[in-house]
Novice: 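Here you go, one structure.
In what follows, residues are counted from 1 in the order of the sequence shown.
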Amino acid sequence: LLHEEFLDRLHNLKYAVTQHVVYHPLLSVQDSIYVISSYTQRLKFTLTDGIKAVLFNVCGGHPQLLKYALHHAADFLKKGKKDNEALRTFLITHPQLRIICSDIWQSLWEAEKQVLLAVVKTKKVPASLERHATYLRHMKLITEAKIGAEVGIPVAILAYYVEAQIPKEKLVYDQATKQLFLGTRSCGGVFTPQEYKFLIHLLTKDGQLVTRDEVADVMWGSASFDKY
């Protein structure tokens, strides 16, 4: 019922439909440690403060992620492995935890996904997407230390998942940030202004026929007749 496309058809009525939204943000550090301690008591094993820190870093206070990460961490530790960084890598790449991240991703509206992609690439929320970041801020899926500071995704495994949605070997023009990216790397600065305009035009016309006259107009504008 509350799908983005359905709400858009309601026009102003959508604000009345959604005005009683209840947010359940990610747990704080203290609450996360309490949840971790409760689970470890139930599972009858102990964790060092370092491992608890790894769990919070990976899961960022997401209850479901914490629950399953604890079970997988227990199996990891039972094998005699003690390295915190190895545990972090093990959890971030674990298929079951990535499925949970996929569920989180699929629950978001398309504009909210664009916010997360922009945060991964530029560490900021583009002005054009600011109004779509409200839910993500309430849920603490994006955070910033102070106004104007870099924006980040505090759930390491979710940040890893979002980054994986970005094509690594493909030039992409990001309409929200007005930047050219190769994967997560901004690369507009390596092209001349003319090359940059030409590439952006081709990328925004992906799959369409582009004429020489159209290219000339993009490259030289009103002077295209003389340049041509």
Side-chain angles (χ1 to χ4, degrees), residues 4 23-32 53-66 69 84-85 87-94 97-98 100-193 195-197 199-200 203-204 206:
E4 181 177 12
Y23 296 103
H24 295 286
L26 300 182
L27 301 176
S28 65
V29 178
Q30 293 81 2
D31 289 339
S32 297
V54 169
L55 286 166
F56 182 75
N57 172 265
V58 170
C59 304
H62 189 283
Q64 189 179 14
L65 283 172
L66 280 173
N84 290 354
E85 190 56 37
L87 173 61
R88 184 179 186 278
T89 302
F90 171 74
L91 293 175
I92 280 182
T93 57
H94 197 284
L97 300 182
R98 287 177 63 78
I100 297 172
C101 289
S102 176
D103 290 340
I104 296 171
W105 180 255
Q106 295 304 325
S107 72
L108 300 174
W109 290 8
E110 197 56 41
E112 291 165 346
K113 293 178 183 178
Q114 293 304 314
V115 171
L116 292 181
L117 290 169
V119 167
V120 166
K121 289 189 279 191
T122 67
K123 299 189 184 303
K124 62 178 68 173
V125 177
S128 61
L129 293 174
E130 186 60 49
R131 68 189 182 91
H132 299 292
T134 302
Y135 172 77
L136 300 174
R137 292 187 194 280
H138 278 300
M139 293 294 291
K140 298 182 181 177
L141 289 175
I142 58 172
T143 58
E144 52 197 321
K146 58 183 179 180
I147 296 176
E150 289 187 346
V151 182
I153 301 175
V155 185
I157 190 171
L158 180 60
Y160 183 85
Y161 179 89
V162 173
E163 185 174 342
Q165 309 310 304
I166 302 170
K168 297 295 184 291
E169 303 298 330
K170 182 180 178 181
L171 273 175
V172 176
Y173 178 62
D174 192 316
Q175 294 279 4
T177 62
K178 306 299 182 187
Q179 294 184 55
L180 192 63
F181 288 94
L182 179 62
T184 58
R185 184 165 57 91
S186 178
C187 57
V190 303
F191 300 105
T192 66
E195 291 171 338
Y196 188 70
K197 287 192 292 186
L199 273 172
I200 288 176
L203 291 170
T204 54
D206 189 23

Novice: Does the side chain of Ile104 come within less than 4.5 Å of Val155's, by heavy atoms?
Specialist: no
Novice: Looking only at atom types and distance, does a side-chain atom of Lys168 sit under 3.5 Å from a main-chain N or O of Ile166, one as donor and one as acceptor?
Specialist: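 Yes, Lys168 side chain to Ile166 backbone: donor-acceptor pair under 3.5 Å.
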Novice: How about Leu117 and Val162: do any of their side-chain heavy atoms sit closer than 4.5 Å?
Specialist: yes
Novice: At their closest point, which heavy atom of Val115 faces which heavy atom of Ile142, and how far apart are they?
Specialist: CG1-CD1, 4.2 Å
Novice: Among all residues two or more places apart in sequence or in another chain, which pass the ring pair (Phe, Tyr, Trp, His ring centres under 6.0 Å) test with Phe181?
Specialist: none
Novice: Give the C-alpha distance, both sets of side-chain angles, the deciding distance and a yes or no for side-chain contact (heavy atoms from CB on, under 4.5 Å) between His132 and Trp109.
Specialist: CA-CA 9 Å; His132 299 292; Trp109 290 8; 5.6 Å; no
Novice: Please examine the side chains of Pro25 and Leu141, heavy atoms only from C-beta on, and report whether any two atoms are closer than 4.5 Å.
Specialist: no
Novice: Taking only residues two or more places apart in sequence or in another chain, which ones pass side chain to side chain donor-acceptor pair (under 3.5 Å) with Lys113?
Specialist: none
Novice: What pair of heavy atoms forms the shortest contact from Leu27 to Ser32, and how long is it?
Specialist: CB-OG, 3.5 Å
Novice: Considering all heavy atoms of both residues, which atom of Val125 and which atom of Arg137 are nearest to each other, and what is their separation?
Specialist: CG2-NH2, 3.7 Å
Novice: Looking only at non-hydrogen atoms, find the nearest pair between His62 and Ile100 and report the distance.
Specialist: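 Shortest heavy-atom separation between His62 and Ile100 comes out as CE1-CG2, 4.2 Å.
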Novice: What residues form a side chain to side chain donor-acceptor pair (under 3.5 Å) with Thr192, not counting sequence neighbours?
Specialist: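 Side chain to side chain donor-acceptor pair (under 3.5 Å) list for Thr192, sorted by chain: Glu195.
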Novice: The criterion is salt bridge (charged side-chain N to carboxylate O under 4.0 Å, His left out); which residues satisfy it with Arg88, sequence neighbours excluded?
Specialist: none
Novice: Please list all pairs meeting side chain to side chain donor-acceptor pair (under 3.5 Å) that have one or both residues in residues 117-127, counting only residues at least two apart or in different chains.
Specialist: Lys121-Asp174
Novice: For Gln165 and Tyr161, indicate whether the former's side chain and the latter's backbone hold a donor-acceptor pair under 3.5 Å.
Specialist: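 Yes: the side chain of Gln165 pairs with the backbone of Tyr161.
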Novice: Applying salt bridge (charged side-chain N to carboxylate O under 4.0 Å, His left out), name anything that partners Glu163, two or more places apart in sequence or on another chain.
Specialist: none
Novice: For the CG atom of Asp206 and the CG atom of Leu171, what is their distance to the nearest 0.5 Å?
Specialist: 11.5 Å
Novice: So which heavy atom on Gly152 is nearest to which on Pro154, and how close?
Specialist: O-CD, 3.6 Å
Novice: Got a sec, which residues hit side chain to side chain contact (heavy atoms under 4.5 Å, CB included) with Ile200, two or more places apart in sequence or on another chain?
Specialist: Tyr173, Tyr196, Thr204
Novice: Quick check on side chain to side chain contact (heavy atoms under 4.5 Å, CB included): which of Ile157, Leu158, Leu91, Leu55 does Leu65 satisfy it with?
Specialist: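 Looking at Ile157, Leu158, Leu91, Leu55, the match for Leu65 under the side chain to side chain contact (heavy atoms under 4.5 Å, CB included) is Ile157.
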Novice: The criterion is side chain to side chain contact (heavy atoms under 4.5 Å, CB included); which residues satisfy it with Val29, sequence neighbours excluded?
Specialist: Ile33, Phe56
Novice: Taking all non-hydrogen atoms of both residues, which atom of Ala111 and which atom of Leu129 are closest, and how far apart?
Specialist: O-CD2, 4.3 Å
Novice: Mind checking what makes side chain to side chain contact (heavy atoms under 4.5 Å, CB included) contact with Thr93, not counting sequence neighbours?
Specialist: Tyr160
Novice: To the nearest 0.5 Å, how far apart are NZ in Lys140 and NE2 in His138?
Specialist: 11.5 Å
Novice: Suppose we screen for side chain to side chain donor-acceptor pair (under 3.5 Å). Which residues come up paired with Gln64, at least two apart in sequence or across chains?
Specialist: none
Novice: Can you tell me how far the CZ atom of Arg185 sits from the CG atom of Leu180, to the nearest 0.5 Å?
Specialist: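 CG of Leu180 is found 10.0 Å from CZ of Arg185.
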Novice: Measure the CG-OG distance between Leu97 and Ser102 for me, rounded to the nearest 0.5 Å.
Specialist: 12.5 Å
Novice: Once side chain to side chain donor-acceptor pair (under 3.5 Å) is applied, do any residues pair with Gln114, and if so which ones, sequence neighbours excluded?
Specialist: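 Partners of Gln114 under the side chain to side chain donor-acceptor pair (under 3.5 Å) test: none.
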